[in-house]
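Below is one structure, written out as structure tokens; the observations come after it.
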Amino acid sequence: MAEVKLTKVEPGHTKIRNVPIAVTPEGFWCCPSPVGFQKATKHQNPLNKTKPSSPPPKTTIPKKQSSHNNERRSQPPNPPRAAVASDDHQRSCGADVPAVSGSAGSDRGPRTKVENAPRKVAIEFGDPGTSDLKVILLGKQSFCVKLTAHRNVLVENSSFFAEKLSYGDSNLSYLEVNDCEDIEIYVETVGLMYCKEMKQRLIKQSLTRVLRILKAAELLGFSSCIQSCLEYLEAVPWVGEEEEEKVVSTVLRLQNEGFEVSPILKRVSSHASAPPKDTLPRIVELVLKSNEERGRREMKSVVLKLLRENNNNSNLPSYAAATDVCNETLYTSCASCLNSLLSLFNQASEPEFTDKPMENKEPVLKQIAFESDNLSWLLDILADRQAADRFAVMWAGQVELAALHASLTVSTRYHVSCITGRLFVGIGKGELLPSKDTRQSLLETWLQPLINDYSWLTHGCRSFDRKVVEEGIGRTILTLPLENQQSILLAWLGSFLKAGDNCPNLQRAFEVWWRRAFIRPYSETQGSDDIRLPQQPVDCAVISEQ
């Protein structure tokens, strides 16, 4: 056992140091570390299973008590209950380890003989021999910790202890605290009352443990500890959403109790009701203009994911104005990219452009792919936000761009056809619902350029899904009036019979149109008399079209 040097203390004064503690059953000194406390608890638990012998005659001592009620918005656990007794009461127990009572104000049951009682953990705060108060903490499964402490330290730091001890006289030296849910943290919190540098003590703890200490300090009315915990939470990083939610919920509860928590909440909120209007345009602009391929690709994925989460999160308040601002920002970027793309197509379609050396042509060709990729990304965002109808209108109106399409090499222009394919897929899946005129104009303007690039797309573009695009084109065609279906599909048939696999396979759409036109034609002039109804009632009212 290590030697301990005791210093003499003047009567009536308590020397406060950085939490020296004595675990008295084994007679050794240590600091109140969680590991040491857990080891002591582990050694004591098996002894709790010893059956006590018959109790001695009962000694009745009147007790005084008071309630300690705190109203909290989030309904934290009930504060611990305390029972107080005088020195005479303690001496009547006949031992240093007091008997354990049930709850404050209730009749005491039969007491256990000291020689057969389970051994408890005893902890002494401050210099040995100078304490004037014993505090018994009663936790779960009859676990008990005896604290030997100093009345003036507890009263000075804890409103809970000050209230409980204010009802006793000067000889009161025994206090029982019942229903301690987290008895280990209660011990450490009481130990912090003896610390000069509480922040240095907390800095060694994990965030989860500090939140437990904060909860105990709140129940004990330990204001300086609460303030130190808040300073810790303001400075320490929060790892993951779970820790953030725990901190914010705890801080909001303390805010309602009058504590200054705004420095912590500023980490997750702003005085402004919404981010500045130029924030999203700035982010989109930075991503669209980035020339670093990997960073640009990764940030496009991140921004798309975050906007999707924000749009799908029903727990967040929905502001129509904020949604309109976001969509307008995206469409402003779309218009800028389209203007740039048209200018690049005009430049690349000039006769002298072909004769230029490759080092002069390469920047233009890269910029065409760059702007096309930007438009595809913006279209994905708008489709996720169910706001891509205007994009379909804008793309269907690019007649000049479609006319210049044939004058460029397929290796340069196929990026534009990817945008067309994405639009057809969106219409086929119902992600956007443009008008009939827009759908027809889109097919008339861009279907043939897509067919011209189809061989390159299927063989040279990894991200191109042939079956999905073909299904989208077919479904888009079948949304038009029957006469328009016929003209478009007959034009497709001529291309398919020439190109074969190098042309989109729209046979399924062609078969549907054929049945509509020749096998089951419907007439607007048909009356109800032409519809034959069954003579006998049927059990099922749903008749599906085979």
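When a residue number appears, it is its place in the shown sequence, counting from 1. Computation of the quantities below employed the complete heavy-atom set of this structure, encompassing side-chain atoms and omitting hydrogens, waters and symmetry-equivalent molecules.
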- Between Leu480 and Asn484, what is the shortest heavy-atom contact and its length? CB-CB, 3.9 Å

- Message: What verdict does the side chain to side chain contact (heavy atoms under 4.5 Å, CB included) test give for Tyr454 and Phe464, after you've listed the backbone C-alpha separation in whole Å, the side-chain angles of each residue and the deciding distance to 0.1 Å?
- Response: CA-CA 10 Å; Tyr454 208 73; Phe464 188 80; 3.6 Å; yes

- Task: Say whether, by atom type as modelled, one donor and one acceptor occur between the side chain of Trp446 and the main chain of Trp395 under 3.5 angstrom.
- Result: yes

- Is the shortest distance from a Lys or Arg side-chain nitrogen in Glu350 or Lys356 to a carboxylate oxygen in the other one below 4.0 Å? no

- Item | Test item: Ile477 and Trp513 side chains (from C-beta on) under 4.5 Å apart, heavy atoms | no

- Note on the structure: In terms of heavy-atom contacts, Ala348 and Val364 come closest through CB-CG1, 4.4 Å

- Task: Look at atom CG of Leu493 and say whether more than 12 heavy atoms of other residues, nucleotides or ligands are closer to it than 6.0 Å.
- Result: yes

- Using the side-chain contact (heavy atoms from CB on, under 4.5 Å) rule, pick out the option among Thr476, Leu447, Thr420, Ile427 that qualifies with Leu442. Ile427

- Message: Once rounded to the nearest 0.5 Å, what's the spacing between atom CG of Leu330 and atom CZ of Arg390?
- Response: 10.0 Å

- Message: Check Glu234 with Lys266, please: is the shortest side-chain N to carboxylate O separation under 4.0 Å?
- Response: no

- Query: Does the pair Lys429/Glu471 count as a salt bridge with the N-to-O cut at 4.0 Å?
  - Reply: no

- Donor + acceptor pair across side chains of Ser435, Thr438 (<3.5 Å): yes

- Item | Pairing residues for Asn346 by the side-chain contact (heavy atoms from CB on, under 4.5 Å) criterion, not counting sequence neighbours | Leu342, Glu400, Leu404

- Query: Below 4.5 Å, heavy atoms only, C-beta onward: do Met394 and Leu338 meet side chain to side chain?
  - Reply: yes

- Atom CD of Glu359 with >12 non-hydrogen neighbours under 6.0 angstrom: yes

- Message: Using a 3.5 Å distance criterion without hydrogens, assess whether the side chain of Arg212 forms a donor-acceptor pair with backbone atoms of Asp182.
- Response: no

- Gap between atom OG1 of Thr445 and atom NE2 of His405 - 0.5 Å precision: 12.5 Å

- Check whether any side-chain heavy atom of Arg282 lies under 4.5 Å from a side-chain heavy atom of Leu286, and answer yes or no. yes

- Query: Can you check side chain to side chain contact (heavy atoms under 4.5 Å, CB included) on Tyr194 and Asn157, steps first, answer last?
  - Reply: CA-CA 9 Å; Tyr194 288 79; Asn157 289 281; over 6 Å; no

- Message: So Tyr232 and Leu214, do their side chains get closer than 4.5 Å, heavy atoms only?
- Response: no

- Message: How long is the straight-line distance from CZ of Arg201 back to CE of Met198, given to the nearest 0.5 Å?
- Response: 11.5 Å

- Task: Nearest 0.5 Å please: distance from the OG atom of Ser343 over to the CG atom of Leu401.
- Result: 11.0 Å

- Validation row: Glu371, His415 side chains within 4.5 angstrom (heavy atoms): no

- Message: If we ignore hydrogens and angles and just use 3.5 Å, is the side chain of Thr458 paired with the main-chain N or O of Ser455 as donor and acceptor?
- Response: yes

- Query: Between Thr250 and Gln255, does a side chain to side chain contact (heavy atoms under 4.5 Å, CB included) hold up when you go through it step by step?
  - Reply: CA-CA 9 Å; Thr250 300; Gln255 183 182 37; over 6 Å; no

- Query: Is Arg508 atom CZ crowded by more than 12 heavy atoms from other residues, nucleotides or ligands, each under 6.0 Å away?
  - Reply: no

- Task: Apply salt bridge (charged side-chain N to carboxylate O under 4.0 Å, His left out) to Arg422 and list each qualifying residue two or more places apart in sequence or on a separate chain.
- Result: Asp380, Glu431

- Are Lys246 and Glu242 ion-paired here, with the side-chain N under 4.0 Å from a carboxylate O? yes

- Message: With a sphere of 6.0 Å drawn around CD of Glu292, does it hold more than 12 non-hydrogen atoms of other residues, nucleotides or ligands?
- Response: yes

- Item | Backbone N/O of Arg297 and side chain of Ser301: donor-acceptor pair under 3.5 Å | no

- Message: Could you walk me through whether Glu260 and Gln227 satisfy the side chain to side chain donor-acceptor pair (under 3.5 Å) test, starting with their C-alpha distance in whole Å, then the side-chain angles of each, then the deciding distance to 0.1 Å, before giving a yes or no?
- Response: CA-CA 9 Å; Glu260 179 58 36; Gln227 187 60 40; over 6 Å; no

- Item | Residue pair Arg466 / Cys503: nearest heavy atoms and the distance that separates them | NH2-O, 3.3 Å

- Without swapping roles, check the side chain of Ser349 against the backbone of Ser407 for a donor-acceptor pair under 3.5 Å. no

- Taking every heavy atom of Leu478 against every heavy atom of Arg516, the minimum-distance pair comes out as O-NH1, 3.3 Å

- Query: Any side-chain heavy atom of Leu443 within less than 4.5 Å of one from Phe424?
  - Reply: yes

- What's the spacing between Ile368 CD1 and Gln347 CD if we round to 0.5 Å? 8.0 Å

- Item | side chain to side chain contact (heavy atoms under 4.5 Å, CB included) between Asp389 and Phe391, intermediate numbers included | CA-CA 5 Å; Asp389 290 1; Phe391 190 98; over 6 Å; no

- Query: Can you tell if the side chain of Pro434 reaches within under 4.5 Å of the side chain of Val393, non-hydrogen atoms only?
  - Reply: no

- In this structure, CG of Leu506 is separated from CD1 of Ile488 (nearest 0.5 Å) by 10.5 Å

- Are Thr409 and Thr412 close enough that a side-chain donor and a side-chain acceptor fall under 3.5 Å? yes

- Got Leu280 and Val284 here, is their nearest side-chain heavy-atom distance under 4.5 Å? yes

- Message: Looking at Asp453 and Arg413, is any side-chain nitrogen of the basic one under 4.0 Å from a carboxylate oxygen of the acidic one?
- Response: yes

- Note on the structure: Heavy-atom closest pair (Ser372 atom, Val416 atom, distance to 0.1 Å) is OG-CG2, 3.8 Å

- Task: Write down the atom of Ala509, the atom of Leu489, and the distance for their closest heavy-atom approach.
- Result: O-CD1, 3.9 Å

- Query: Within 45° of the six-membered ring axis of Phe370 and under 6.0 Å from that ring's centre, is NZ or CZ of Arg296 located there?
  - Reply: yes

- Note on the structure: Applying side-chain contact (heavy atoms from CB on, under 4.5 Å) to Gln507 and not counting sequence neighbours gives Trp492, Phe496, Asn505

